[in-house]
Amino acid sequence: MENSLKVNEILNRSLFKHAQLIAGKKGISRKVAWVHILEITPPSSFTNNNDLILTTGLALLQNKADRTQYMKELIKQQAAGICVELGEHLKDIPKDIVEIADQNDFPLIVFKKPVRFVDITQDIHSLLINKQHQILKNLEAFSRVLQHTSLQSTDIQPILRLMHNHSSSQVVYYSLIDRNYSHPSLSSMMQETINNIFKNIGDQPREFTQEKQVITIDEDYSLISLPVICLGQTLAYVGIILHHRNETEILYLMLDYVAKSIAHILLRKLFLEEKTMEHHNQLINDILHNKVTNEKQTWAKIGLRTLPNGKYLYMAGVFYLESNLENTGEEVESRNQDILVLLRSLLKKNGLYSLLTIKNNQILILCIRESFGDSLVLKQLKKGLTNVMEQFSHTLSEFYSEKLSVHIGFGQIKDKIENVSISFKEAYDVIDVSLAIPSATINPFYENIGVYRILKGIPDRHLLTSFIEFHLGDVLDYDKQNNTNLLETLDEYLKCMGSKKETASSLFIHRQTLYHRLDKLNEILGDNYLLSEKRICIELALRVYKLMNFPTVNLKN
């Protein structure tokens, strides 16, 4: 389906039976979007791309420099061609104009007999409008068939066949989470070339990966590619390969329809997967309650194969969703379900096999990775999870207008299923720290949270309370009795490494106000509280105080 006329089609119209193409014969396949009568010079301000110009040739009666400039401007403006009526004003076309037209494959048509331009414009404009109307009807029919096809199953290949049948183009599909397809089948060499092109597109910055791409494959072929986007994430690409053909608006619209239909299929498949994961939900719940001990039986439940020369490694994670706005139960459930589907697709996109379940506002993840003694497994796993977290956070910021914050924690990697509950406990420890220390940037991986690993591992709350009381008790009492905030000042002063200027700026207070508070701290804590040993204890007591004064997230609810 073409959405414009060509010069050679117009030459076959009855009104052109006495017309003669005298130059630019190689350009007769140029598109004609409109017919425009033009006698004004210069023409650039009055001409659009693909306009076919009708003229009596007044501009060609000028001196050689002016008339050649006139033609060059039409060519630069990408006009479709020029039709000149020979007669009273212009008896013949100058040779220099013919040469310019031939050199630029710019169709130059002459009428040697008088012709009514108004009849030509009416005829061609009617033809263009009727053709456009037919294109829209064809496009609507294609859309209906496409919709019917996409509702019949979750198979993507019928969609590709349909696009091929209606466009007569090679159709390719490149998935970031599943198999790749092409219709008709490509040679192995061309398939590898196309896969590399799509991989390069995926490696570009996000703002480019979610746009149309037109890529030259070689001198004979080009590729038009569109992303398949679900929940703000590019999960695949669909494209058509053109052989000595220019991209047309109709081809792009058809491809856009196909991309959206595939997106609906992928989204439906992702939601169907959620429905089949109930036994995985139970498995994660059993792991949390230490009810899973038989390694091989667990493999069978998950669908993992036996590894004679290797083993499976496990890492647990938790995404804790915290919203500051009131939502109804149904809204929260629907939002959380969408987020779960998004997270599952991101994990698949980054090549991470995982089991997921959702408990109220917590998404629990169990990542499973094969290991054959490769020391890079942990590094690769953390890199993949880091990509997932970055993409997840970016999508949430785009899609959810309400203030929704997400706290993420991952425990350490375990080599036995019976130890995964420990990894979940570590993931929740990370989230507890993240909630208690909102101003700090907490690394989501348990092994990187520093001293908080020790603090979260101390079960004796009385010991921690007495430690706080010994080192900060007098400051806390003073704040309570005088409604001051010396504790906050002390914390910020230590964070700023004793810099009074930075501390005052961070607290948004005058320097004299800070001096007064520091004098009071010296009076309460003693002049030596910045010395190494005592400072370490005070900083540790501050961290313990924050942890103990913030509710923890229960992992077994």
query: For Thr55 and Glu39, does a side-chain donor sit closer than 3.5 Å to a side-chain acceptor?
result: yes
- prompt: Are Gln157 and His183 linked by a side-chain donor-acceptor pair shorter than 3.5 Å?
  reply: no
message: Whether the side chain of Ser393 engages the backbone of Glu390 through a donor-acceptor N/O pair (distance < 3.5 Å, no angle test) should be reported.
response: no
message: Whether the side chain of Asp256 engages the backbone of Tyr252 through a donor-acceptor N/O pair (distance < 3.5 Å, no angle test) should be reported.
response: no
task: For Gln362 and Val318, indicate whether the former's side chain and the latter's backbone hold a donor-acceptor pair under 3.5 Å.
output: no
message: Under the ring-ring contact (aromatic ring centres under 6.0 Å, His included) definition, can you give me all pairs with a residue in residues 90-121, not counting sequence neighbours?
response: Phe16-Phe111
query: Where does the angle between the aromatic ring planes of Phe142 and Tyr257 fall among parallel (under 30°), tilted (30 to 60°) and perpendicular (over 60°)?
result: parallel
message: Could you check whether atom NZ of Lys260 has more than 12 heavy atoms from other residues, nucleotides or ligands sitting under 6.0 Å from it?
response: no
Inter- and intrachain pairs under ring-ring contact (aromatic ring centres under 6.0 Å, His included), touching residues 26-82, at least two apart: Trp34-His125
- line: Interatomic distance, CG@Leu347 vs CD1@Ile177, rounded to 0.5 Å, equals 11.5 Å
- prompt: Do you see a donor-acceptor pair shorter than 3.5 Å between the side chains of Asn180 and Gln191?
  reply: no
query: Side chain of Asn361, backbone of Leu321: donor and acceptor closer than 3.5 Å?
result: yes
query: Are any non-hydrogen side-chain atoms of Gln391 and Asn350 less than 4.5 angstrom apart?
result: yes
- prompt: Just by distance, with hydrogens left out, do Glu73 and Gln69 show a side-chain donor and acceptor under 3.5 Å apart?
  reply: yes
query: Can you tell me if CD on Gln62 sees more than 12 non-hydrogen neighbours from other groups inside 6.0 Å?
result: yes
- request: Examine distances only and state if a side-chain atom of Ser434 and a backbone atom of Val430 form a donor-acceptor pair shorter than 3.5 Å.
  value: no
query: Less than 4.0 Å between a side-chain N and a carboxylate O, is that true for Lys95 and Glu99?
result: no
- request: Using a cut-off of 6.0 Å, state whether more than 12 heavy atoms not belonging to Gln147 lie near its atom CD.
  value: no
- request: Would you mind listing every salt bridge (Lys or Arg N to Asp or Glu O under 4.0 Å) that reaches into residues 47-69, with sequence neighbours excluded?
  value: Arg67-Asp96
